[in-house]
Structure formats: C-alpha cells, structure tokens
Amino acid sequence: MVFSPTHEGSATHDVTNQPPPLAPYDASEDVALLEGLRREGAGWAEDDVRRIGRLAGSAEAQEWAELANRHEPELRTHDRYGHRVDEVEFHPSWHHLMRAAVTEGLAGAPWADDRSGAHVARTAGGLAWGHTDAGHGCPTSMTYAAVPALRHQPDLAKVYEPLLTSREYELGLRVPAEKRGLLAGMGMTEKQGGSDVRTNTTVAAPTSEPGVYTLRGHKWFTSAPMCDVFLVLAQAPEGLSCFLVPRVLPDGSRNTFRIQRLKDKLGNRSNASSEPEFDGTVAWLVGPEGRGVKTIIEMVNCTRLDCVMMSATLMRKTLVEAGHHAGHRSAFGARLVDQPLMRNVLADLALESEAATTLTLRLAGAADRAVRGDAGEQAFRRIATAVGKYWVTKRGPAFTAEALECLGGNGYVEDSGMPRHYREAPLLSIWEGSGNVNALDVLRALTREAGTAEALFGELALAQGADARLDASVNRLKGLLSGGSEAGARRLVEQMALTLQASLLVRHAPSAVADAFCATRLGGDWGYSFGTLPDSADVGAILGRALPGSG
C-alpha cells in the first residue's frame with residue numbers, strides 16, 4: 001500500500017505562544033524619564049524627546065541597529081594604488097544612526113543652546129535614542145565632551161566649536177574647517193599604562209610655529225577613528241599635555257594617523273576602536289603645557305555621564321523587552337506577567353531601572369546648572385558623576401542577564417537582540433575608567449576638592465526624615481567616610497550610590513517605588529539576585545508604572 005502525503009494536517013510547527021515583534025514602540029514612553037526631564041528643567045523639550053523615542057522604537061531604526069552590528073566596520077589601510085589612507089568603512093545603517101543622532105542634537109549641540117536645561121534635554125534624548133545601538137553613541141558622546149576641553153584654547157575653540165556643535169552629519173575625511181559639521185574623538189590610553197595616563201610615552205615635539213607640535217607614539221584604544229579631530233595626550237617638554245589632532249590638515253593633506261588594527265571587542269561591535277600610530281603627526285596644543293590631565297578631565301567627566309546614561313538606557317531597553325515577552329507568553333496555564341514570581345522579577349528590575357534613570361537625569365541637571373555657573377551644583381556633579389559611573393554601570397551586566405533570562409532560551413539567541421545588549425553592558429563600566437578608577441576618584445574628590453562632601457550630604461538632607469531606613473543609611477555613610485581607606489573605596493561608593501538613589505526616589509517617585517527600594521537596597525529585606533522583593537512590596541503599582549498594562 002502506498003501512502004500519499006497531503007498538506008492537510010501535515011504541519012509540524014504551527015507558531016503559537018510567541019510574542020509579536022516589539023517594534024514599532026515608543027522608547028520615550030517611560031514615566032521616570034519624562035518626569036525627570038520636567039523636574040530637571042527641560043520640560044520644553046518633551047515633544048522632541050517623544051519624537052526621538054518614536055523614531056528609536058520604529059522598525060526602521062531597530063533594523064539600522066541590527067544591521068550596523070551584523071556588518072561590522074572594516075579597516076582599509078591602503079587604496080587600490082598603494083597609497084596609505086587609513087580609513088574605516090561602515091555599513092550604511094551606521095550612517096543612518098549617526099545622522100539621526102547628530103540631527104537630533106545628541107552630539108555637541110547643547111553647547112550652542114542657551115536654554116536652561118539644554119544638557120538635560122540631550123541626556124533625555126540619549127536615554128530614548130539609545131534603544132537603538134550603543135556603538136554610535138561613542139562618537140556622539142566624545143563630540144559632546146570635546147567642547148569644554150577645547151575651550152581651554154580659545155583660538156582653536158573659535159574655529160572648531162561652531163562645527164562640533166552643528167546638527168549636520170557630513171561623513172568623509174576633508175579639511176575640517178570646510179565641512180558643515182565635525183565629530184571629535186579622544187586618544188588617551190597607551191598599552192603600558194591604560195588608565196594611568198601619566199605613563200604615556202607618546203612624545204610631542206614643538207615646531208618653530210607657536211602652539212604647533214609633532215607627535216610620535218602609539219595609542220592603545222582610540223574609538224571612532226573616522227572622526228575629524230581628536231583630543232590626545234602626549235609628553236611635551238614641560239610634561240603631559242593635551243593636543244588637538246586633525247585627520248586632515250588645513251592644506252588638504254592627510255595627517256599621519258596610521259591605524260594598525262581594529263580591536264576585536266566583546267561587544268560594541270558596530271563601533272570601530274583602533275590603535276593609531278603617530279609619526280610626525282601635526283598637533284595643536286590645547287591648554288598649557290604640562291596640564292594635559294587638567295585640560296582633558298572635563299571631557300572625561302562628560303563621557304562618564306554618558307556611560308551612566310547608556311547603562312540606564314540598556315536597563316530600560318532590556319526591561320521593555322522582558323516585559324513585552326512576559327505579557328504575551330504563557331506557561332503552566334497563565335501569562336508569564338501574571339505569575340507571582342515573574343512579577344517579582346520584573347518589579348525588581350523596574351526598581352533598578354527607575355533608580356538608574358532618575359540618577360542619570362539628576363546628574364544631567366547638575367551638569368547643566370554647573371555650566372551656567374552654579375558652584376554648588378558643580379561640586380555635587382564632581383562627586384556624584386563618579387559615584388553614578390561606578391555603581392550604575394556595575395549594575396548593568398547583572399540587570400541585562402536577568403532581563404535576558406526572562407525570555408528563557410528565546411533570549412539566548414541572536415535574533416532576539418538580547419545577546420547584543422548583554423555584551424554591551426560591561427563596556428560602560430570599563431570605558432572612561434574602570435570600577436577601581438572611579439572609586440578612587442571619589443576618594444580623591446573627597447580629600448582634595450573642597451565642598452564635594454558637603455554637596456553630597458546637602459543633597460541627601462533634602463529627604464531627611466522622610467524614611468527611617470534612608471536616615472540610617474546616611475548615618476552609616478558618615479561613619480564610612482570618617483574611617484575610609486583605599487581598600488574600602490568600593491564599599492564606600494556603593495553606599496553613596498544606593499543612598500543617593502534612595503533619596504531621589506523618596507523625594508520624587510511614588511511611595512510604592514520608594515518604599516520597596518529603601519526596604520531592599522537599604523533595609524536588607526532582599527536576597528542576592530533580582531526577584532527577591534519582600535511580600536510587602538506593592539508589585540502591582542511598581543509594574544503599572546514601569547510597564548503599563550502589566551500592573
């Protein structure tokens with residue numbers, strides 16, 4: 001007997017119980033983000049942030065991000081005729097992402113905007129736009145951060161600042177002054193020292209022209225090598241100094257910027273990180289000779305804030321992905337989002353995400369007001385940015401791993417996008433100073449810079465008496481400060497971060513959020529992993545705020 005297969009009943013894999021695509025969605029649909037935007041003085045930018053959020057969550061922009069990471073940048077050292085060109089080629093999707101980011105003012109634009117809250121608006125826009133791809137945030141961040149450092153040399157700032165603050169993205173290497181907009185990079189670290197930049201061996205030799213030098217040396221990590229100009233550190237006759245290095249010289253010739261290789265990184269794959277070699281490379285001095293660290297430190301402070309911002313963004317992005325999956329996936333007779341233990345996990349993640357977002361926007365507010373001359377905010381920014389950089393970026397990897405696990409095996413495959421976010425998360429803790437560097441920087445600020453401790457405790461005092469656990473944490477922190485040691489720096493900074501986050505939530509978040517955060521992060525009513533909230537936590541209220549429809 002011969003059996004003939006029929007189409008009827010022959011399907012072996014009808015697709016059921018799978019969530020629909022998340023995109024399109026609104027990446028700015030985040031209560032903590034929008035409330036912080038208004039609270040920190042940039043409510044006028046809400047329509048812009050919402051537009052950015054809708055674009056970030058569009059199917060088109062999400063595809064740009066996926067393609068930019070799948071088709072990684074390629075180094076081309078020579079052209080077909082053998083001429084040295086040292087160029088990096090990117091997939092068109094990278095340029096789409098860059099053009100959108102620059103056009104929306106996420107690079108240097110706030111420095112040309114006199115409105116109060118301009119820097120807050122940029123940070124809020126970054127919190128939304130970062131739902132696409134983290135890699136292209138590197139050149140936009142460095143471009144933003146280069147402006148205050150460049151202002152140490154007014155003659156150079158006069159030429160380059162209008163172009164660094166432009167909203168025009170013009171790709172390709174040409175004479176910088178002839179372009180409509182510029183991007184800036186940074187070259188600090190060298191192989192023998194890493195964060196210990198005072199051990200740099202790149203040498204800067206003065207020429208007969210005042211302020212002009214030639215550099216010789218090798219940088220170990222210089223991201224986004226297709227930027228137009230770079231701020232780099234090198235040893236001048238009077239010590240470590242800061243220099244401006246253009247890729248193309250004013251006469252149209254290529255400056256010596258030999259890219260030896262691109263780094264094969266764990267994550268951040270869309271972005272090219274390179275090892276450039278300088279050999280007779282023309283550079284202009286920025287700030288006084290021998291004051292290179294002091295000159296470039298303002299750039300570092302700005303990029304550290306962006307590391308906090310991007311970590312908070314990754315938290316929010318992966319929380320949204322986890323919530324979306326749990327809201328459409330069923331197991332054991334009920335939707336995942338309706339099952340008590342999954343709700344506990346999601347609510348715990350939501351607390352961490354809101355605390356990170358709220359702190360990020362407070363730091364942005366401090367930066368904005370410091371730029372406008374507020375000395376108290378400058379002191380607060382100095383210590384709180386280092387605290388936030390240490391803690392929020394440290395929480396990112398554990399957070400993204402837990403969010404990935406909410407998708408189970410579906411989250412472990414590349415198609416979900418979650419592995420890309422997971423690989424990205426550790427970067428923010430390493431870039432611009434690893435955990436130890438930032439913890440020690442907090443100690444340095446406390447002991448060497450007047451007003452920093454007072455600024456921090458002044459901020460904490462604004463919530464005094466509102467929660468006994470918070471008050472007790474402030475007292476513990478004072479005790480740690482009085483007996484602090486270098487070996488205990490991480491313990492001290494962790495306590496600072498949690499206390500600061502709790503104080504902000506007590507002042508600005510609903511009681512359900514603030515109470516659960518204080519009970520767990522300060523009161524000890526918590527386990528060692530996410531999803532260990534106590535029964536007293538109002539999980540429904542927390543989820544209803546973070547993931548509407550899940551409460």
Side-chain angles (χ1 to χ4, degrees), residues 65-78 84-91 93-95 97-98 133-143 145-146 171 173 183-197 199-202 215 217-234 245 247 256-279 281 296 299-300 303-304 306-307 310-311 314 393 396-397 400 414 419-435 437:
E66 196 276 326
L67 290 173
N69 281 274
R70 186 196 310 168
H71 302 283
E72 297 177 18
E74 297 181 358
L75 173 62
R76 189 163 66 96
T77 56
H78 297 76
R84 188 96 196 197
V85 292
D86 296 289
E87 294 188 358
V88 179
E89 295 179 347
F90 293 86
H91 188 271
S93 291
W94 167 272
H95 299 297
L97 292 165
M98 286 296 304
D133 159 71
H136 78 288
C138 180
T140 59
S141 177
M142 292 189 297
T143 302
L171 61 92
L173 296 178
L183 296 174
M186 177 169 58
M188 294 177 63
T189 61
E190 296 182 6
K191 62 177 74 68
Q192 77 289 340
S195 296
D196 187 7
V197 295
T199 64
N200 281 7
T201 60
T202 296
L215 307 185
H218 188 114
K219 292 297 180 181
W220 190 235
F221 254 105
T222 299
S223 288
M226 289 302 288
C227 288
D228 301 283
V229 296
F230 293 81
L231 288 179
V232 306
L233 295 178
V245 174
R247 287 294 314 266
T256 304
F257 195 98
R258 300 191 189 113
I259 302 175
Q260 301 304 306
R261 61 173 173 170
L262 300 184
K263 298 291 192 178
D264 187 8
K265 297 172 292 183
L266 167 68
N268 203 247
R269 308 289 292 192
S270 67
N271 178 39
S273 296
S274 68
E275 290 180 39
E277 185 178 86
F278 302 145
D279 187 10
T281 302
I296 209 169
M299 186 177 189
V300 174
T303 51
R304 283 179 176 175
D306 279 4
C307 286
M310 197 60 228
S311 288
L314 280 172
T393 63
T400 52
E414 291 291 339
R420 171 159 59 91
H421 304 317
Y422 181 58
R423 289 192 298 270
E424 196 73 40
L427 169 73
L428 287 315
S429 183
I430 297 170
W431 245 231
E432 309 309 342
S434 61
V437 169

request  = For the pair Trp94 and Phe90, name the ring-plane relationship: parallel under 30°, tilted 30 to 60°, perpendicular over 60°.
outcome  = parallel
Nearest 0.5 Å please: distance from the [atom1] atom of [X] over to the [atom2] atom of [Y].
{"X": "Leu427", "Y": "Lys265", "atom1": "CG", "atom2": "NZ", "answer": "7.5 Å"}
{"X": "Arg84", "Y": "Arg76", "atom1": "CZ", "atom2": "CZ", "answer": "12.0 Å"}
{"X": "His421", "Y": "Leu314", "atom1": "NE2", "atom2": "CG", "answer": "7.0 Å"}
{"X": "Glu424", "Y": "Ser311", "atom1": "CD", "atom2": "OG", "answer": "9.5 Å"}
{"X": "Leu183", "Y": "Thr143", "atom1": "CG", "atom2": "OG1", "answer": "4.5 Å"}
{"X": "Met186", "Y": "Glu432", "atom1": "CE", "atom2": "CD", "answer": "4.0 Å"}

request  = Take Arg304 and Leu428 through the side-chain contact (heavy atoms from CB on, under 4.5 Å) test and state the conclusion after the steps.
outcome  = CA-CA 9 Å; Arg304 283 179 176 175; Leu428 287 315; over 6 Å; no
query = Hey, mind stepping through Glu414 and Arg423 against salt bridge (charged side-chain N to carboxylate O under 4.0 Å, His left out) and telling me if it holds?
reply = CA-CA 11 Å; Glu414 291 291 339; Arg423 289 192 298 270; 2.8 Å; yes
Can you name the nearest heavy-atom pair linking [X] to [Y], along with the distance?
{"X": "Leu262", "Y": "Pro73", "result": "CD1-O, 3.9 Å"}
{"X": "Ala145", "Y": "Thr303", "result": "CB-CG2, 3.6 Å"}
{"X": "Leu97", "Y": "Ala68", "result": "CD1-CB, 4.0 Å"}
{"X": "Ser270", "Y": "Gly135", "result": "OG-CA, 3.4 Å"}
{"X": "Ser223", "Y": "Met142", "result": "O-CE, 3.6 Å"}
{"X": "Met310", "Y": "Ala134", "result": "CE-CB, 3.8 Å"}

query = For Asp133, which residues count as a salt bridge (Lys or Arg N to Asp or Glu O under 4.0 Å) partner, sequence neighbours excluded?
reply =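 So Asp133 forms no salt bridge (Lys or Arg N to Asp or Glu O under 4.0 Å) with any residue.
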task = Decide whether Thr256 and Thr281 meet the rule of one side-chain donor and one side-chain acceptor closer than 3.5 Å.
result = no
note = For Tyr422, the ring-ring contact (aromatic ring centres under 6.0 Å, His included) test, sequence neighbours excluded, returns none
Do the side chains of [Y] and [X] get nearer than 4.5 Å, heavy atoms only?
{"X": "Ser274", "Y": "Val88", "answer": "no"}
{"X": "Asn271", "Y": "Pro139", "answer": "yes"}
{"X": "Glu89", "Y": "Leu75", "answer": "no"}
{"X": "Trp431", "Y": "Ser273", "answer": "yes"}
{"X": "Arg420", "Y": "Asn268", "answer": "no"}
{"X": "Val232", "Y": "Thr202", "answer": "no"}

query = Counting N and O atoms only, with roles assigned by atom type, does the side chain of Thr140 sit under 3.5 Å from a partner on the main chain of Gly137, one being a donor and the other an acceptor?
reply = yes
ask   = Passes side-chain contact (heavy atoms from CB on, under 4.5 Å), Lys219 versus Phe257? Steps please.
value = CA-CA 10 Å; Lys219 292 297 180 181; Phe257 195 98; over 6 Å; no
inquiry  = Go through it in stages, so that I can follow the logic: the residues are Glu87 and Met226, the test is side-chain contact (heavy atoms from CB on, under 4.5 Å), and I'd like the CA-CA distance, side-chain angles, deciding distance and then a yes or no.
reply    = CA-CA 7 Å; Glu87 294 188 358; Met226 289 302 288; 4.1 Å; yes
inquiry  = Atom CD of residue position Glu74 - does it have more than 12 heavy atoms of other residues, nucleotides or ligands inside 6.0 Å?
reply    = no
Asp86 vs Arg247, side-chain contact (heavy atoms from CB on, under 4.5 Å): CA-CA, chis, key distance, verdict = CA-CA 10 Å; Asp86 296 289; Arg247 287 294 314 266; 3.7 Å; yes
note = Applying side chain to side chain donor-acceptor pair (under 3.5 Å) to Glu277 and not counting sequence neighbours gives Arg258
